[in-house]
Undergrad: 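So that we are looking at the same thing, I have put the structure below in structure tokens.
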Amino acid sequence: MAAQTVVHRFPSPFEVPTPPGAEGWQRMYPYYLLFSEENRAWEDAMLWYQDGIHHPEVLFPFDTISHEAWRIALGQNNSRIFAIPPAYGIEQRILNGYLYITPVPVTDPKWVEERVAVFMKRAGHYYQSWNLLFDRWKEKMTRLIEELEALPVPRLARLDDEAVVTEARGMSTGWKLLEAYGRLIDNFFVAWQHHFEMLNLGYAAYLNLYQFCKQAFPGIGDQTIAQMVAGSELLFFRPDDELKKLARLALDLGIADRIRQPKKPEDVVAELRQDPRARPWVQALDEAWRPWFYFSNGAGFYHHHRSWVDDLTVPWAAMKGYMERMERGENIERPKEEILERRERLAREYRELLSSDQDRATFDQNLALARTVATYIEDHNFYVEHWHHTIFWNKMREVGDRFVEGGFLDDREDVFYLNRHEVAQALADLVATWATGGRSRGAVYWKREVADRKRILGVLRNWSPLPALGPVPAEITEPFTVMLWGVTTERVREWLGAAGARAEDEIRGYAGSPGVAEGVARVILSASQLSEVQPGEILVCPITAPSWGPVFNRIAAAVSDIGGIMSHAAIVSREYGLPAVVGTGDATKRIRTGDRIRVDGNTGVVKILKRAAS
Amino acid sequence: MDYVLPLEHCGRSVLDRVGGKAVGLWELLRRGLPVPAGFAVTTHAYREFVRSERLDREIRWWVERARESVDAQLEASRRIGQLFTERRPPAFLTEEVARAYGQLGEPPVAVRSSAVGEDARTASFAGEHESYLWVCGYEEVAASVLRCWASLFSPQALSYFAHLGADPAEAAMGVVVQHMVDAQVAGVMITLDPVTGDPSQVTVEASYGLGLAVVGGEVTPDRFAVDKVTLEARSSRVGHKTVAYRYDPSQGRVAAFPVPEEMAGQPCLRLEQVQQLAQMGRQLERELGRAQDVEWALDGDGRLYLVQTRPETVWSNRPRAPLSNPEEPMLSRILRSMRIPMRIAD
């Protein structure tokens with residue numbers, strides 16, 4: 001990094017003041033995730049940017065586990081396992097409750113060269129047997145999920161169970177609880193170990209096609225390359241497909257009106273279970289339930305990203321929407337064939353534009369590999385962030401229950417105000433005093449602490465994180481930064497505000513999915529509001545999650561604050577043939593519901609045409 | 001010997017009789033692309049004129065003189081020009097033109113030179129020969145044909161003869177006579193990115209009025225770029241279009257009109273129109289086997305016409321080495337692609 005020319009400079013992380021009222025926020029997070037005097041020289045030499053793609057929100061202390069898990073997993077695979085020659089991992093720091101990251105380059109040219117041979121051999125092994133290894137990966141991941149599901153988080157009773165004696169266990173339920181927490185955390189980290197097993201290799205293969213296309217066709221859109229690669233049977237369309245199936249079945253069985261009752265979906269399901277006429281529908285729901293309803297309404301990275309199994313509101317509204325549309329005789333199927341046809345046409349026509357047979361042969365090979373790895377890139381999230389994490393966050397709620405029972409916390413949800421190391425400490429306190437019958441400090445300590453942390457997080461939530469910190473080098477050699485985090489010249493310039501005063505009525509982001517649409521904006525801040533979206537409106541949201549799929553069936557276009565070209569919003573929009581502008585930064589703050597806007601998915605620009613009467 | 005051929009008959013086999021422009025229009029016509037109707041005056045007519053008027057020796061003499069200096073070149077060009085333009089069109093020409101013009105319906109027409117011999121592939125003579133617009137009446141058309149012939153000896157053309165050591169007696173010129181498009185907007189289209197050579201782009205430049213303002217560089221035209229495969233917009237830059245050439249009925253000729261300030265900075269084409277053009281450009285390039293440089297016009301009813309196409313020469317004539325080697329192991333390619341540094345700041 002030292003040799004790099006510094007061309008601009010954002011504020012140093014050491015200069016950023018703590019928002020008034022948030023003093024002491026640092027104690028909520030592990031010491032090693034804070035900017036520190038000990039590392040100041042190094043930390044001040046790096047460009048840090050806020051990870052708005054994966055961690056846009058202020059971090060609950062416990063939820064730091066998500067990025068800690070990828071910090072290790074992504075890093076080890078780049079640095080120590082596959083020896084990506086120019087890149088180590090991605091470092092992380094928390095400032096004022098928000099996550100900042102920086103890629104760590106390999107700076108010694110000799111070491112870069114030595115890594116080349118290692119990479120060729122090790123990465124080659126995976127590329128050669130990609131599909132086989134992905135099949136094994138799915139088995140591994142499914143086993144891990146089964147272990148997680150089967151893990152009890154035992155309740156501590158006044159007297160331990162008699163079975164401890166009759167089975168001569170020689171081990172208390174208290175100890176089992178400590179052990180369960182340890183296994184729970186291990187299980188989470190292992191899921192992320194798996195998550196990155198093949199991911200960066202996949203991205204590297206995609207990058208190879210990407211760079212080739214950019215060289216041959218300098219003006220080709222990122223999304224056009226993505227469309228040439230994308231499959232049409234992505235796992236994360238599957239839950240939505242299941243809802244369509246249930247909608248159709250409800251109509252066939254004549255139970256549509258019962259489903260439409262203005263009652264909680266869970267109560268309606270309970271009623272239907274008693275109704276013999278509804279049996280096939282209930283059966284279909286039960287069959288779809290695991291794993292397709294273990295589907296997060298968010299990215300899955302945070303405990304408050306709840307899933308369909310936790311709350312049926314979102315899938316229920318979507319299913320009712322499908323029923324209505326089918327009754328009107330509309331086709332609700334995804335245009336799978338069209339998408340495949342388009343993908344083949346794009347590939348064929350770009351191929352024809354190449355000027356030599358050699359280049360056409362190279363293109364074919366690069367495209368074939370990119371399509372092979374695409375299934376992993378597209379499907380791994382369902383296993384980890386959706387299916388696995390849905391279970392994980394609920395297991396943690398059971399840990400929260402144990403604290404409530406022990407008088408440490410008032411509410412099971414409060415457990416997320418402790419970081420994972422603090423949970424281990426508090427459990428040690430709880431179990432030890434359960435054992436000794438003495439007085440735990442935690443019972444007073446944590447309730448006070450949680451109350452204070454709620455206040456601090458409230459302050460931090462209203463702080464607008466700076467997009468970046470530190471010096472801007474002329475170029476980044478980390479190969480994944482641009483693709484995964486969308487860090488480009490343009491983006492940095494926008495961050496610096498160098499583009500000049502921005503137009504009030506114009507919002508810029510990434511061209512996520514092609515096309516242009518005009519319509520009325522609907523700003524949706526969380527999944528619970530999704531049912532407010534009216535047909536033909538333009539969805540404006542912070543981030544979309546796969547489970548929002550159903551809503552894409554009735555909107556005209558999508559705009560998100562967060563996300564890159566490979567983000568869910570972009571992929572789903574391309575799938576539905578809707579224009580999308582993603583990664584705008586602040587569309588949800590600048591656009592209001594009712595505004596008339598134009599979304600240009602070709603250029604990444606959203607224009608506010610007419611403000612809603614306020 | 002045909003002195004006049006309808007554009008429908010100006011195929012490749014008569015290239016040396018009607019010139020590149022006429023054949024280019026035939027290529028458009030036979031593909032069902034919108035081309036204003038018209039006919040070509042062949043080189044037979046030119047040669048018959050030079051022969052019957054005994055201009056041969058005099059032309060050769062002036063061309064020789066032209067080698068002496070730049071001033072001599074200008075003088076020679078002017079004097080040869082007079083040989084053509086100060087004569088009345090001969091009867092054989094007037095009759096043939098009158099008949100073909102009558103068949104067109106006697107509309108206002110454009111009369112354009114259609115050079116023969118030097119293939120536009122190697123030397124683009126773009127703009128070096130004259131065009132006459134809004135010509136009305138068969139006598140005027142015939143007179144304009146003589147003027148086109150005269151432009152074969154423009155100062156630029158004379159220096160080109162000198163450069164190639166070509167015999168001016170061998171030179172000849174075809175002329176194209178076409179329905180005049182009453183262009184509200186016109187411009188050029190090139191089926192690649194002229195800046196990077198990107199073959200997956202179609203670039204359109206457009207301004208108000210006749211294409212003169214764009215071709216002559218008198219305005220900063222709007223520039224639109226669309227993806228050749230998806231037809232999606234890639235970029236657009238709205239120019240500052242201060243002048244428009246239009247027919248001025250009070251003067252009976254084309255004149256430059258100022259463009260109202262509020263219109264000068266407005267885009268003069270809609271994306272759909274750019275896409276419609278790009279689609280035609282894509283078809284042409286595909287069928288002709290190489291990138292094309294097209295002139296087009298949009299009439300008052302919103303109909304698009306292609307008025308000329310020729311092969312693109314700048315990028316197409318550059319030797320292009322393959323970008324890649326399919327024998328290179330995949331891993332080595334992946335390694336290279338990971339090591340391309342991403343510029344994040346200028």
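Quick caveat: nothing in here was measured; it's all calculated off a predicted structure. Protein chains get the first letters and strands the later ones, always in sequence-line order, with residue 1 at the start of each.
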Undergrad: Which residue is it: B/Arg270, B/Lys241, B/Arg237? I am looking for the one with a salt bridge (Lys or Arg N to Asp or Glu O under 4.0 Å) to B/Asp222.
TA: B/Lys241
Undergrad: As an exercise: rank A/Ile220, A/Val112, A/Val116 by heavy-atom pairs under 4.5 Å with chain B and give me the winner.
TA: A/Ile220
Undergrad: Less than 4.5 Å to any heavy atom of chain B: does that hold for the side chain of A/Leu369, its backbone, both, or neither?
TA: side chain
Undergrad: Under a plain distance cut-off of 3.5 Å, with no hydrogens placed, do B/Thr203 and B/Gln201 share a side-chain donor-acceptor pair?
TA: yes
Undergrad: So which of A/Asp600, A/Asp357, A/Asp359, A/Leu353 has the largest heavy-atom pair count under 4.5 angstrom toward chain B?
TA: A/Asp359
Undergrad: For residues B/Asp198 and B/Ser200, is any side-chain donor paired with an opposing acceptor at under 3.5 Å?
TA: yes
Undergrad: Would you mind telling me which of B/Val195, B/Ile190, B/Thr196 makes a side chain to side chain contact (heavy atoms under 4.5 Å, CB included) with B/Leu192?
TA: B/Ile190
Undergrad: Under 4.5 Å heavy-atom distance to chain B, tell me which part of A/Thr362 shows up: side chain, backbone, both or neither.
TA: both
Undergrad: Would you mind checking which part of B/Glu327 comes under 4.5 Å of any heavy atom in chain A, side chain (CB onward), backbone (N, CA, C, O), both or neither?
TA: neither
Undergrad: Does a donor on one side chain and an acceptor on the other come within less than 3.5 Å for B/Glu285 and B/Thr191?
TA: yes
Undergrad: What part of A/Tyr127 gets closer than 4.5 Å to chain B, counting heavy atoms only: side chain, backbone, both or neither?
TA: side chain
Undergrad: Report which part of A/Phe363 has an atom under 4.5 Å of a heavy atom belonging to chain B: side chain, backbone, both, or neither.
TA: neither
Undergrad: Tell me if a side-chain donor or acceptor on B/Trp296 pairs with a main-chain N or O of B/Val188 at a distance below 3.5 Å.
TA: yes
Undergrad: Is B/Arg336 close to chain A through its backbone or its side chain, or both, or neither, when contacts mean heavy atoms under 4.5 Å?
TA: neither
Undergrad: Taking every non-hydrogen pair under 4.5 Å, which of B/Asn325, B/Ile334, B/Leu271 racks up the most with chain A?
TA: B/Ile334
Undergrad: Can you confirm whether the side chains of B/Gln283 and B/Arg31 place a donor and an acceptor under 3.5 Å from each other?
TA: no
Undergrad: Is B/Asp193 in contact with chain A via its backbone, its side chain, both, or neither, using a 4.5 Å heavy-atom distance?
TA: neither
Undergrad: Are A/Asn366 and A/Asn208 close enough that a side-chain donor and a side-chain acceptor fall under 3.5 Å?
TA: yes
Undergrad: Looking at chain B, which one of A/Glu352, A/Gln365, A/Arg360 has the largest number of heavy-atom pairs inside 4.5 Å, strictly under?
TA: A/Gln365
